[in-house]
Amino acid sequence: MEPGNETQISKFHLLGLSEDPELQPLVFGLFLCMYLITVLGNLLIILAVSSDSHLHTPMYFLLANLSSVDICFTSTTIPKMLWNIQTQSNVISYAGCITQIYFLILFAGSEVFLLTVMAYDRFVAICHPLHYTVIMNPQLCGLLVLVSWIMSILNSLLHSLMMLRLSFCTHFQISHLFCELIQMIQLACSDTFLNNLVMYFAVVLLCGGPFAGILYSYSKILSAICRISSAQGKYKAFSTCASHLSVVSLFYCTLLGVYLSAAAPQIPHSGTVVSVMYTVVTPMLNPFIYTLRNKDIKRALK
């Protein structure tokens, strides 16, 4: 694209799932319910952990942090989308779009790192039970959470600054519910090679690395469980990991789907549906996954 055709835009148009006016109330009601369930469910976990002294352990401290991230994660996108539907406007400013990308990457990265720390916590609890309280002391837990936030902040800041170097021409329409990094890079009319390089390098390093750590932790956990003689002991050990393993599988599968759907743009709304899964559905399901089989959380809630 020639420089003469480039312009500094001030807004984008988010097309969402459907442009049919008759479907907008249905979409509004659906996402409002999902958002309220997400916020209330995760708030209940935070309140239960903070109010019950029996839950003042590393595992539940990390779970409360994960719930906080889930609330922030959905709050980055859903309120703006609901406001656009209510006002019958699909406009988002350029600054608002960059801000949304920053916080989406921030909270997605925080979730990845927290899930990795939680896997390490389960590894220590099952493979080194006698040293658990010494290894997973409050100082280490706080340090791990702090490092997770710092790495997430630096990563999101890098991608947001990289976005500022891109130029957008006359294509201001985004076939999405919100501004997402990979979608915005595809819309740019300037050279995006460096942006794509940094994005996929960060995905491999900051998502692939933690995922490898989770796989390593669970390989050791499974090995330790297999050495337990009693069936009841095996079940009890595995049940402490089942919820976390479910959340990891759900989050990583949907996150991977975002990049696979971007490689297959011929499928209508494929990227939008997958993005809704990992930004809305996964945070909504997390409280149910962690509470339905967890006796400690259910007792604290009662």
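Just so you know, these numbers use all the heavy atoms, side chains as well, and skip hydrogens, waters and symmetry mates.
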ask   = Is it true that a side-chain atom of S89 and a backbone atom of I85 form a donor plus acceptor pair closer than 3.5 Å?
value = no
query = Is there a side-chain contact between N294 and K298 (heavy atoms, below 4.5 Å)?
reply = no
ask   = Would you call I101 and M184 a side-chain contact if the rule is heavy atoms closer than 4.5 Å?
value = yes
request  = Could you tell me whether the side chain of P287 reaches within less than 4.5 Å of the side chain of L44, counting heavy atoms only?
outcome  = no
message = Between H56 and V49 (side chain of the first, backbone of the second, donor and acceptor by atom type, cut-off under 3.5 Å), is there such a pair?
response = yes
side-chain hydrogen bond (donor to acceptor under 3.5 Å, both in side chains) partner of N286, the single match among T38, T291, N42, D70 = D70
Step-by-step side-chain contact (heavy atoms from CB on, under 4.5 Å) determination, V145 to V117 = CA-CA 8 Å; V145 171; V117 174; 5.7 Å; no
query = Quick one: are L104 and L181 in side-chain contact, heavy atoms under 4.5 Å?
reply = no
Any donor-acceptor N/O pair, S223 side chain to S219 backbone, under 3.5 Å = no
message = For F28 and Q86: C-alpha separation, side-chain torsions, deciding distance, then whether side-chain contact (heavy atoms from CB on, under 4.5 Å) applies.
response = CA-CA 8 Å; F28 180 87; Q86 187 66 25; 3.7 Å; yes
Heavy-atom pair of closest approach, residues P79 and T74 = CD-O, 3.7 Å
request  = Give a yes-or-no answer on whether the side chains of N84 and K80 include a donor-acceptor pair shorter than 3.5 Å.
outcome  = yes
query = Can you find a heavy atom in the side chain of Y102 that is under 4.5 Å from one in the side chain of I153?
reply = yes
query = Looking only at atom types and distance, does a side-chain atom of S243 sit under 3.5 Å from a main-chain N or O of Y290, one as donor and one as acceptor?
reply = no
remark   = CE (M162) and CG (N196) are apart, to the nearest 0.5 Å, by 9.5 Å
query = In Å, rounded to the nearest 0.5 Å, how long is the span from SG of C141 to CG of L146?
reply = 12.5 Å
key: Over all atoms of both residues, closest heavy-atom pair of I46 and A64   = CG1-O, 3.8 Å
message = Run Y35 and V280 through side-chain contact (heavy atoms from CB on, under 4.5 Å) and show every step you take.
response = CA-CA 7 Å; Y35 180 65; V280 182; over 6 Å; no
key: Interatomic distance, I78 atom CD1 to M284 atom CE [nearest 0.5 angstrom]   = 10.5 Å
query = Got M163 and I185 here, is their nearest side-chain heavy-atom distance under 4.5 Å?
reply = yes
note = All heavy atoms of S190 vs all of L166, minimum pair found to be OG-CA, 3.5 Å
Close side-chain approach of Q24 to Q88, heavy-atom, < 4.5 Å = no
query = Are the side chain of N137 and the backbone N or O of T133 linked by a donor-acceptor pair below 3.5 Å?
reply = no
ask   = Taking all atoms of both residues into account, what is the closest heavy-atom pair of I71 and S75, and its distance?
value = O-OG, 2.7 Å
note = Closest heavy-atom pair, N195 versus R165, reported as atoms and distance to 0.1 Å, is OD1-NH1, 2.5 Å
query = Roughly how far apart are I45 CD1 and S50 OG, rounded to 0.5 Å?
reply = 11.5 Å
query = Do the ring planes of F73 and F107 sit parallel (below 30°), tilted (30 to 60°) or perpendicular (above 60°)?
reply = tilted
query = How far apart are the closest heavy atoms of L206 and M151, and which atoms are they?
reply = CD2-CE, 4.0 Å
ask   = For the side chain of Q100 and the backbone of T76, is there at least one donor-acceptor N/O pair under 3.5 Å apart?
value = yes
request  = Determine, stepwise, if the pair L245 / Y218 fulfils side-chain contact (heavy atoms from CB on, under 4.5 Å).
outcome  = CA-CA 9 Å; L245 201 55; Y218 275 102; 3.8 Å; yes
task = Over 60° means perpendicular and under 30° means parallel, so classify the ring planes of Y216 and F123, tilted if in between.
result = tilted
inquiry  = Once rounded to the nearest 0.5 Å, what's the spacing between atom CZ of F31 and atom OG1 of T77?
reply    = 8.5 Å
query = Do the side-chain N and O atoms of D52 and Y60 include a donor-acceptor pair separated by under 3.5 angstrom?
reply = no
message = In this structure, would V204 and V198 fall into the same cluster of hydrophobic residues linked by side-chain contacts under 4.5 Å?
response = no
V147 with L144, same ILVMFWY side-chain cluster at under 4.5 Å = no
query = If only atom types and distance count, is the side chain of H54 paired as donor or acceptor with the main-chain N or O of D296 below 3.5 Å?
reply = no
request  = Kindly work out whether a path of hydrophobic side-chain contacts (I/L/V/M/F/W/Y, heavy atoms less than 4.5 Å apart) joins L177 to V91.
outcome  = no
ask   = How are the rings of F168 and Y94 set relative to one another: parallel (under 30°), tilted (30 to 60°) or perpendicular (over 60°)?
value = perpendicular
request  = For residues W149 and L106, determine if any side-chain heavy atom of one lies less than 4.5 Å from a side-chain heavy atom of the other.
outcome  = yes
Linked, directly or transitively: F61 and I289 (ILVMFWY side chains, under 4.5 Å) = yes
inquiry  = Quick check: is L161 connected to I150 through a chain of hydrophobic side chains (ILVMFWY, heavy atoms under 4.5 Å apart)?
reply    = no
ask   = Going from CG on L115 to OH on Y252, what distance comes out if it is rounded to the nearest 0.5 angstrom?
value = 7.0 Å
